[in-house]
Structures are given as structure tokens and as C-alpha cells.
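Contents: one structure, followed by commentary.
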Amino acid sequence: MGGNRIQVGIVGAGPAGLLLGHLLHLNGIDSLIVENRSREYVIDRVRAGVLEQGTVDLLQAMGVGDGLQQAGLRHEGLHVSFRGSRHRIDLAGLTGGKAITVYGQNEVVRDLIDARTATTRPLHFEAERVSVSDLDSSSPVLRFQHGGAEHEVHCDYIAGCDGFHGICRPAIPEGVLTVYERIYPFAWLGILSEAAPSSEELVYTYHDRGFALFSMRSPKVTRLYFQVPPDEPIEHWSDEAIWTEMLERMTTQDGWQPNVGRIIQKSVTPMRSFVAAPMRYGRLFLAGDSAHIVPPTGAKGLNLAASDVLVLARALKAFYQHGRTEWLQEYSDVCLRRVWKAQRFSWWMTSTLHRFPDGHAFDHQRQLADLDYLTTSRAAMTSLAEQYVGLPADVSFESAGLTD
Ligand code: FAD
Ligand code: PHB
């Protein structure tokens with residue numbers, strides 16, 4: 001049995017775990033990252049695409065922004081489409097020059113894995129039987145099997161960055177966490193298509209037949225979604241049926257529609273709002289999807305993972321460099337303030353843009369009025385814009401050991 005000690009044990013090599021590992025590395029803090037999937041699986045998983053201005057700035061300040069700089073697509077606006085017309089919201093003009101960047105989560109994760117590998121600090125893929133224990137002691141334990149050996153690692157702290165279905169949140173004793181949850185009566189069917197994006201910016205559509213979203217990954221690949229019933233089997237949708245539905249919902253009166261191409265990936269994603277509070281138990285800190293989930297309509301999930309770990313890195317830096325623990329104590333409260341604002345925004349985007357199966361004619365008219373107001377009032381557009389590009393982080397980059 002391999003037994004040893006590490007400062008911070010990190011469970012999960014998604015965006016939260018990898019970002020945290022690198023932030024700690026930049027502050028000279030040792031960590032071990034344990035991931036139960038393979039490197040290829042983690043990189044190939046198709047997920048988020050929209051990075052807030054603050055997430056872009058963070059990746060750049062961490063020195064892992066080269067790929068982003070080269071291949072990221074900066075968008076200074078987005079479109080909201082309803083009743084057959086597209087309306088542009090000028091994100092940059094309304095926020096003093098802030099924007100979002102479209103850069104696949106796959107690429108973010110690949111860049112971070114490369115950066116981790118270059119540090120030679122440990123990152124174990126395909127770990128089995130990962131577990132955490134002794135969380136309320138002064139030395140929590142991370143156990144796993146890797147390369148045919150059993151490992152038992154004693155840590156100062158453990159970061160649960162293992163996503164919604166991970167093992168860290170369930171390791172917290174019953175009764176400690178309060179769970180706030182909402183499950184929506186629909187899911188998203190998403191595709192990647194080999195087709196040049198027909199719009200330079202995203203288009204969020206509210207249609208009588210339900211929500212649809214036009215996005216992209218590169219100048220050659222379009223990313224599209226539409227609302228389907230929850231648990232819809234993907235086998236129910238032939239490629240031809242997907243295109244018919246996409247075009248029906250997205251085509252506007254001026255003839256705009258997505259370009260059609262070969263479908264290279266398709267999947268169905270359930271929609272959920274979820275918060276477990278506090279995001280800490282003893283010496284275990286939860287970050288990212290392990291503590292909270294937002295429906296993807298606001299494009300906030302990956303960005304929240306990034307802001308959580310910035311707050312955690314600041315607290316761990318203060319502990320290791322100055323022996324201060326008050327920022328560790330405040331971690332959950334600081335994160336949850338931002339998390340709840342992103343929850344509210346994601347819920348609002350979701351409720352305004354989807355058809356609810358039990359929705360009344362009243363709701364439909366109210367949603368149309370909401371969208372009419374949104375696209376004609378500068379105040380309403382400004383509110384959307386400042387939230388979409390990302391509310392300010394509550395902690396400075398400098399406090400986490402980076403130069404702003
Ligand atoms: P994860 O990415 O889930 O990473 C957790 C890691 O832990 C995984 O690699 C997992 O394999 C590993 N793990 C799990 N269990 C164990 C275990 N027992 N032991 C070891 N490792 C374990 N967000 C946005 O910001 N913008 C968007 O545009 C956006 N679009 C989305 C579209 C879709 C279709 C989906 C599904 C999500 C989208 N999101 C978006 C959300 C975003 O993908 C997530 O919020 C983000 O991946 C969270 O990162 P994380 O590191 O917290 O969790
Ligand atoms: C994406 O490009 O995958 C994407 C964009 C915006 C969202 C969700 C997903 O709100």
C-alpha cells in the first residue's frame with residue numbers, strides 16, 4: 001500500500017480540479033489530482049462553450065491562455081429571437097467593453113492538463129475506488145487504487161471537484177447540508193455539426209414549439225440545441241428529424257437559419273438547478289458542479305467552477321503563506337453569494353425562453369412580453385448583458401497570487 005502526505009488532495013480533473021491544481025502550483029502549494037475517467041474521456045466530453053470575461057482574464061493571468069488567445073472566438077453581442085425576428089443585445093456596448101469568448105470546455109481542459117503535466121505534479125487518470133474520510137479531523141484521507149496499487153494519502157485539505165455525480169458531497173454526514181433543487185420539465189437535445197456558423201453571434205430562440213439555441217465551436221463547427229421532453233431517448237431522433245425541428249424553430253422572417261451539415265455528435269442533457277450549502281464540511285471543500293448545478297441556458301456552470309476555485313485558492317494561499325484561516329472559514333459564504341446570483345439568472349433565462357408543458361396561454365403571453373421588454377429597454381438589456389458577461393468576482397486575482 002502506497003501511503004504518503006500531500007498538502008491538498010483534489011478529487012476530479014474537470015475544469016474545477018485542474019484550475020485549482022494550477023492556481024495552487026503557482027503559489028507553490030502541493031496537490032495531487034485523482035480522476036476516475038481516462039484522459040481521452042475527460043478531454044472528449046462535449047460540454048460548455050461560453051467563457052465569461054472574468055474566466056478569460058483568469059486563464060490568461062494564470063498563463064494558460066495561449067490556446068484561448070489563438071482559437072477563442074470573442075463575441076461582443078448575442079441575439080434573442082422570438083415571433084420570427086432576431087434582436088441583438090450589444091454586450092460590449094452595455095458593459096463598458098466586456099465580452100464573452102466561445103472556446104470549448106474540451107479545449108480548456110486539454111490546455112489545463114498540458115499545463116499540469118508540464119509542472120510534473122501528480123495527476124492520476126483512471127483511478128478506481130476513490131474515497132475520502134476523516135473529513136472533520138486535522139488530516140483527512142484520500143484513498144484510491146491506481147496502477148494496480150492501493151493508495152492512502154493524508155492531506156491537510158481535500159477539494160471535492162468531482163462534479164454532480166461524484167463521491168465527495170455524499171461523504172458529508174447526513175443533516176449537514178441543506179439542498180435546494182428544481183428539476184425542469186424538459187431537456188436539451190444538442191448536436192455538433194460540420195457546418196460553418198451562419199451567424200457570428202449566438203442566437204437564443206423562443207418559439208411556439210419550444211426553445212432553441214444556435215452556438216458554435218469554430219469557424220467550421222456549429223453547436224445547436226433544442227428543448228425536448230425530459231428523458232427523451234436520443235434514438236427517437238434521426239438526423240433528418242433533428243434538422244427539420246432545428247430549422248422550424250430557428251428560421252426567422254428575414255430568412256436567417258443555421259447552415260445544415262453532417263451531425264458529428266448528439267446527446268440529451270437534463271436540466272436542473274441545485275445548490276448544496278454550505279460548500280464545506282471540516283477540511284473538505286466542494287467546488288464547481290459538486291456543490292451546484294445550473295441549467296445551461298445562462299452558460300454559467302464552468303464559469304462558476306472557475307470563480308469557486310479562485311476563492312478557494314485565495315484561502316489556501318493565505319493559510320500556507322501566513323497561517324490565516326479566516327478566508328477558509330468564509331469560503332462557502334463568499335462563493336454562495338455569486339452562485340445564487342448565477343442561479344437566479346440561469347433560472348430566469350430558462351423560464352423566459354422555454355415552453356413549459358403545463359404552461360397556460362397566460363404564461364406564453366407573459367414570456368413574449370418579457371422578451372419584448374428585454375429587447376426594447378436599455379435597462380433590461382443592460383441587466384442581461386452584465387450578468388451574461390459575468391458579474392465581478394468577489395475576490396481579486398492578486399489575493400490568489402496572480403497579477404490582475
Ligand atoms: P465536471 O466537469 O463534472 O468535472 C468533474 C470531474 O470529476 C470529472 O472529470 C469526473 O469524471 C470526475 N469524477 C467524478 N467522480 C469521480 C470520482 N469518484 N473520483 C474521481 N473523479 C471523479 N457551463 C458554462 O459555463 N457555459 C456553457 O456554455 C455551458 N454549457 C453546457 C452545456 C451542456 C450540454 C452541459 C452538460 C453543461 C454545460 N455547462 C456550461 C456546464 C459545465 O460543463 C459544468 O458546469 C462544468 O463542467 C463544471 O466543472 P466541474 O469541474 O465542477 O465538474
Ligand atoms: C454552447 O455553446 O455549448 C452553449 C452556449 C450557450 C449556452 C449553453 C451552451 O447557454
Side-chain angles (χ1 to χ4, degrees), residues 9-21 33-39 41-52 55 73 75 78 100-106 108-109 112-113 123-132 142-146 159-171 187-192 197 201-204 211 213-218 221-225 265-272 274 286-309 339 342 345-346 349-350 353 388 390:
I10 300 177
V11 186
L18 291 165
L19 279 168
L20 179 64
I33 308 181
V34 179
E35 163 65 50
N36 64 353
R37 301 289 194 160
S38 68
R39 183 181 189 278
Y41 182 93
V42 170
I43 293 178
D44 290 344
R45 203 165 33 191
V46 178
R47 292 175 118 188
V50 172
L51 305 183
E52 292 176 352
T55 307
L73 306 169
H75 288 194
L78 60 73
I100 52 128
T101 298
V102 173
Y103 188 62
Q105 181 167 330
N106 319 61
V108 174
V109 165
L112 289 168
I113 291 175
L123 163 56
H124 298 316
F125 288 102
E126 297 179 69
E128 291 175 78
R129 296 172 161 275
V130 180
S131 70
V132 295
L142 172 58
R143 289 190 183 82
F144 58 97
Q145 289 180 349
H146 187 251
C161 300
D162 50 346
F164 186 66
H165 299 288
I167 50 98
C168 288
R169 193 180 66 251
W188 279 13
L189 187 154
I191 62 165
L192 277 177
E201 295 171 342
L202 271 59
V203 185
Y204 285 85
F211 171 82
L213 171 61
F214 170 93
S215 180
M216 65 200 69
R217 283 296 175 273
S218 74
V221 176
T222 300
R223 176 81 168 139
L224 301 170
Y225 301 93
Q265 189 265 353
K266 53 181 171 180
S267 60
V268 172
T269 309
M271 308 273 283
R272 181 196 295 273
F274 175 95
L286 301 177
D289 278 16
S290 75
H292 42 72
I293 295 280
V294 282
T297 330
K300 290 285 165 249
L302 190 160
N303 296 294
L304 283 179
S307 52
D308 285 355
V309 298
V339 165
F345 178 67
S346 304
M349 287 283 282
T350 304
L353 287 162
Y388 198 79

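Atoms within each ligand, like the ligands themselves, are counted from 1 in listed order.
- In summary, the atoms of ligand 1 found under 4.0 Å from a heavy atom of D289, numbered by their order in the structure, are 44 (C), 45 (O), 46 (C), 48 (C), 52 (O), 53 (O).
- Nearest-heavy-atom check against atom 20 (C) of ligand 1 across N36, L20, V109 picks out N36.
- Taking CD1 from I100 and CG from L202, the interatomic distance works out to 5.5 Å, rounded to the nearest 0.5 Å.
- The shortest N or O to N or O distance between R45 and ligand 1 is under 3.5 Å.
- If you check each of E52, R47, K300, H165 against atom 1 (P) of ligand 1, the one with the closest non-hydrogen atom is R47.
- Residues forming a salt bridge (charged side-chain N to carboxylate O under 4.0 Å, His left out) with R39 (at least two apart in sequence, or on another chain): D114.
- By the salt bridge (charged side-chain N to carboxylate O under 4.0 Å, His left out) test, E35 pairs with no residue at all, sequence neighbours left out.
- Residue E35 has at least one N or O atom closer than 3.5 Å to an N or O atom of ligand 1.
- Looking at V130 next to ligand 1, no N or O pair under 3.5 Å apart turns up.
- On a distance-only criterion, V11 and ligand 1 share no N/O pair closer than 3.5 Å.
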Quick check on ligand 2: any N or O pairs to the protein under 3.5 Å? One line per pair.
from, atom 1, to, atom 2, distance (Å)
ligand 2, 2 (O), S215, OG, 2.6
ligand 2, 2 (O), R217, NH1, 2.8
ligand 2, 3 (O), R217, NH2, 2.7
ligand 2, 3 (O), Y225, OH, 2.6
ligand 2, 10 (O), Y204, OH, 2.7
ligand 2, 10 (O), P296, O, 2.8
ligand 2, 10 (O), T297, O, 3.3

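- Rounding to the nearest 0.5 Å gives a distance of 7.0 Å between OG of S267 and CG of L189.
- Taking any N or O of N303, backbone or side chain, at least one lies under 3.5 Å from an N or O belonging to ligand 1.
- Partners of R143 by side-chain hydrogen bond (donor to acceptor under 3.5 Å, both in side chains), not counting sequence neighbours, listed by chain and number: S133, E152.
- Here the protein heavy atom with the shortest distance to atom 23 (N) of ligand 1 is L302 N, 3.0 Å.
- Counting non-hydrogen atoms of other residues, nucleotides and ligands closer than 6.0 Å to CZ of R129 gives a total of 12 or fewer.
- Under a 3.5 Å cut-off, the side chain of D162 and the backbone N or O of V11 do not form any donor-acceptor pair.
- One option in G166, A48, S131, A13 has a heavy atom closer to atom 29 (C) of ligand 1 than any other, and that option is A48.
- Remark: side-chain polar atoms of R223 are not paired, donor with acceptor, to backbone N or O of S215 under 3.5 angstrom.
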| Verdict with reasoning, V130 to L142, per side-chain contact (heavy atoms from CB on, under 4.5 Å) | CA-CA 7 Å; V130 180; L142 172 58; 4.1 Å; yes
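- Using a distance-only test at 3.5 Å, with no hydrogens or angles considered, a donor-acceptor pair links the side chain of N303 to the main chain of V50.
- In terms of polar-atom proximity, A16 is counted as a contact of ligand 1, with an N or O under 3.5 Å from an N or O of the ligand.
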